[in-house]
Every structure is written in structure tokens, then in C-alpha cells.
Amino acid sequence: MLIRAGFDLAFEAYAPTQMVTMLSVRPSRFSDLRTDHRIVNDCSIELIDSHDAYGNICTRFLLQPGMTHLSCDFIIADSGEVDRQTLQAHQHDIHDLPAEALTFLAGSRYCETDLLSGVAWGLFGHVPPGWQRAQAIVDFVHHHLTYGYCHARSTRTAWEAYQERVGVCRDFAHLAVALCRCMNIPARYCSGYLGDIGVDPVDVAMDFHAWFEVYLSGEWHSFDARHRVPRIGRILMACGRDAADTALTTAFGPVRLAGFKVHTDEVASVIERVGEKMAA
């Protein structure tokens with residue numbers, strides 16, 4: 001299938017302010033792009049791309065005083081299949097893990113493994129290691145937290161989410177990541193697009209989404225504690241230890257987010273809606 005995705009963001013700066021964004025599709029999906037993926041702005045600001053330590057694309061620029069619109073619109077090919085399910089995937093002994101996976105066993109800014117270790121072993125120590133244990137963690141987090149935009153808080157950590165029992169998709173991902181790491185399963189936080197493809201649409205504005213990946217049987221596998229069930233059409237933008245490594249925008253000074261729109265639709269659905277409007 002083909003998916004059309006992108007965003008339109010507006011920022012108001014009060015003085016020249018440096019900003020770094022992580023809004024590009026991750027390089028691993030470049031071969032799937034069917035149109036150019038290009039971030040543009042309406043103020044002729046120079047955008048400079050670079051790669052961080054995790055292979056994500058970071059876009060740096062200098063906001064000028066006033067309003068700046070940042071946008072992107074692209075079409076990408078997708079298999080149309082749900083997240084891969086590898087029920088027999090095994091958990092590696094730590095000494096067999098590649099060096100790059102070890103990073104994702106340690107605690108981080110939003111994933112306090114030291115505080116959650118006892119909880120994790122009490123809940124999942126009896127569950128066979130591997131896919132079954134990762135899925136048990138997803139099931140627990142999905143039922144333990146209550147989802148709602150009204151619960152959003154940018155500073156909430158995995159430990160706080162566990163205690164407060166509320167959150168948004170990033171909190172579901174942080175808690176699941178932390179619990180996986182406590183059980184010696186490498187886990188990394190992911191951000192990107194996930195549209196209502198193959199599921200009943202929800203009556204809320206589209207947003208970026210957070211999920212996580214675990215390293216089993218020599219590969220990274222996607223899991224989603226917010227939705228719990230496999231989904232179609234994930235488009236990965238960035239991954240890292242937690243949301244601090246994958247921040248959508250980082251402003252080095254006071255900046256107001258004045259507009260925020262995200263779209264993610266199967267191309268056939270877009271065409272059908274346009275046809276319905278023309279017929280009307």
C-alpha cells in the first residue's frame with residue numbers, strides 16, 4: 001500500500017532562537033519513499049541536516065522573531081502487513097548481545113530501571129524469557145495505565161507513570177521500555193507516524209506516535225503498549241533510549257508552538273474522500 005504522511009507546524013519566536021528537530025523519516029525507510037521527503041519553511045530559513053549517535057536525522061536551523069511554518073508532505077510504500085509477530089523469538093544472554101544493544105539495557109532520563117527493577121522481577125520473573133515475556137510486559141502496561149490527552153505531562157517518567165497509572169503514548173512506551181530493560185531485554189523508544197489504517201478511526205486529531213522495539217533473536221521487533229495489538233503502517237522517524245533522545249523539537253530559548261497538524265492516510269483513502277467531495 002501507499003501512505004501519505006506529513007505535518008504542518010507553526011512556531012512563534014520572540015528573538016533569534018536555535019532549534020533542532022527530529023521530524024525526518026529514519027534512513028532505514030528511505031528506499032520506501034515514493035516522493036521526495038523534504039522539510040520546508042515559509043521564511044527562507046536554512047535547514048541543516050546531520051545524524052546523531054543513534055542514526056536519526058536531526059534538522060538544525062535558526063528561527064527568526066515572529067511566526068515560522070515548518071511542513072512536510074510525502075508518500076511512502078508499506079507492506080500493508082501488521083507488525084511482525086515472531087512468537088518463538090528468543091532472549092539473548094547478555095554476553096551474546098552486540099555492543100550497540102547494550103546501551104538499551106541501561107536506565108535513562110525517563111526510564112528508571114533502578115526504581116522499577118524489583119517491580120519488574122516480581123511481575124515477570126516467572127514468565128519465560130523472550131517474546132512471551134516482552135508480550136507480558138506490553139499486556140501489563142496496556143492495562144495498568146489509563147490513556148488520555150488530559151494526562152499529558154512532558155516531564156513524567158516511567159516510574160511516575162507506574163505510580164500515577166495514567167499517561168499518553170510516550171508514557172506507555174517509557175514504562176514498557178523500562179520494564180523490559182529490568183528483565184534484561186534491550187528496548188529502545190521509537191517515534192513516528194501511525195495512522196488509523198486497518199482499524200476503526202478515532203475522533204481525535206492525528207498526532208505523532210510513540211512505541212518501542214525490543215532486541216530478540218538478533219533483530220529489533222516493534223511492540224506498542226498503548227494499542228497492544230499489531231498495527232499496520234508504522235513509519236519510523238527516530239529511536240533512542242527514551243523521549244529525550246528523540247525529541248520532535250528542541251528550542252534553545254522561548255518559542256511558542258502556535259500550530260500543530262499531522263496527517264497519515266492510506267493513499268486510496270485520500271483519493272476516495274476527494275472523490276466523495278467532488279461528487280457532492
Side-chain angles (χ1 to χ4, degrees), residues 3-26 29 33 35-50 52 56-76 147-156 167-173 189-197 201-211 226 233-238 240 243-267 269-271 273-274 277:
I3 298 173
R4 182 179 180 181
F7 58 84
D8 188 351
L9 309 179
F11 303 97
E12 184 179 13
Y14 308 99
T17 306
Q18 288 286 343
M19 177 173 275
V20 176
T21 69
M22 301 178 92
L23 295 167
S24 294
V25 169
R26 192 165 163 86
R29 294 300 304 269
L33 288 169
T35 64
D36 287 341
H37 180 289
R38 191 163 62 96
I39 299 175
V40 298
N41 69 88
D42 62 348
C43 295
S44 300
I45 296 173
E46 182 184 14
L47 308 181
I48 302 172
D49 288 341
S50 61
D52 69 5
N56 305 310
I57 297 177
C58 304
T59 302
R60 183 176 60 182
F61 51 93
L62 180 65
L63 284 175
Q64 297 300 319
M67 198 73 70
T68 299
H69 287 82
L70 206 66
S71 63
C72 184
D73 183 68
F74 63 93
I75 293 177
I76 191 168
Y147 179 87
Y149 279 110
C150 59
H151 304 309
R153 189 175 77 239
S154 62
T155 59
R156 182 182 289 116
V168 291
C169 58
R170 64 175 266 159
D171 301 304
F172 282 71
Y189 179 96
C190 300
S191 66
Y193 299 87
L194 181 65
D196 297 327
I197 299 174
V202 295
D203 189 22
V204 296
M206 184 63 67
D207 198 348
F208 293 112
H209 187 57
W211 63 93
R226 160 70 180 101
R234 293 186 196 278
I235 305 173
L236 182 63
M237 294 194 307
D245 290 334
T246 63
L248 298 173
T249 63
T250 301
F252 297 88
V255 171
R256 183 176 72 92
L257 179 62
F260 183 93
K261 292 182 180 179
V262 178
H263 60 274
T264 315
D265 296 287
E266 185 181 357
V267 169
S269 299
V270 174
I271 294 173
R273 286 202 296 273
V274 171
K277 290 181 180 179

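All values reported here derive from a predicted model rather than from experimental measurement.
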Fill in the blank from the handout: In V267, I75, I235, the residue satisfying side chain to side chain contact (heavy atoms under 4.5 Å, CB included) with I3 is I235
Can you see which heavy atom on [X] is nearest to which on [Y], and at what distance?
X	Y	value
I57	V25	CD1-O, 3.9 Å
I39	S24	CD1-OG, 3.6 Å
C58	V20	CB-CG1, 4.0 Å
I76	R29	CD1-NH2, 3.7 Å
G240	T246	N-CG2, 3.5 Å
L194	H209	CD2-CD2, 3.6 Å

Nearest 0.5 angstrom please: [X] [atom1] to [Y] [atom2], how far?
X	Y	atom1	atom2	answer
D171	R156	CG	CZ	4.5 Å
L23	L47	CG	CG	10.5 Å
Y147	R226	OH	CZ	5.0 Å
W211	S191	CH2	OG	7.0 Å

Handout entry: More than 12 heavy atoms from other groups under 6.0 Å of CZ on R60
Key =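 Atom CZ in R60 is not packed in, count stays at 12 or less.
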Exercise for the section: Verify the neighbour count for atom CZ of R153: are there more than 12 heavy atoms of other residues, nucleotides or ligands below 6.0 Å? Expected result: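 More than 12 within 6.0 Å, yes.
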Do [X] and [Y] come within less than 4.5 Å of each other through their side chains, counting heavy atoms only?
X	Y	result
V262	D8	no
Y189	R170	yes
F208	M237	yes
F7	F260	no
N41	F61	no
M19	V255	yes
D52	M22	yes

Problem - Residues F11, T249; criterion side chain to side chain contact (heavy atoms under 4.5 Å, CB included); working and verdict - result: CA-CA 10 Å; F11 303 97; T249 63; 3.8 Å; yes
Donor-acceptor pairs are to be reported for all side-chain atoms of residues 64-74 against protein atoms at under 3.5 Å, with residues two or more places apart or in another chain.
{"unit_1": "H69", "atom_1": "ND1", "unit_2": "D42", "atom_2": "OD2", "d": "3.1"}
{"unit_1": "D73", "atom_1": "OD1", "unit_2": "R4", "atom_2": "NE", "d": "3.0"}
{"unit_1": "D73", "atom_1": "OD1", "unit_2": "H263", "atom_2": "NE2", "d": "2.7"}
{"unit_1": "D73", "atom_1": "OD2", "unit_2": "R4", "atom_2": "NE", "d": "3.2"}
{"unit_1": "D73", "atom_1": "OD2", "unit_2": "R4", "atom_2": "NH2", "d": "3.1"}

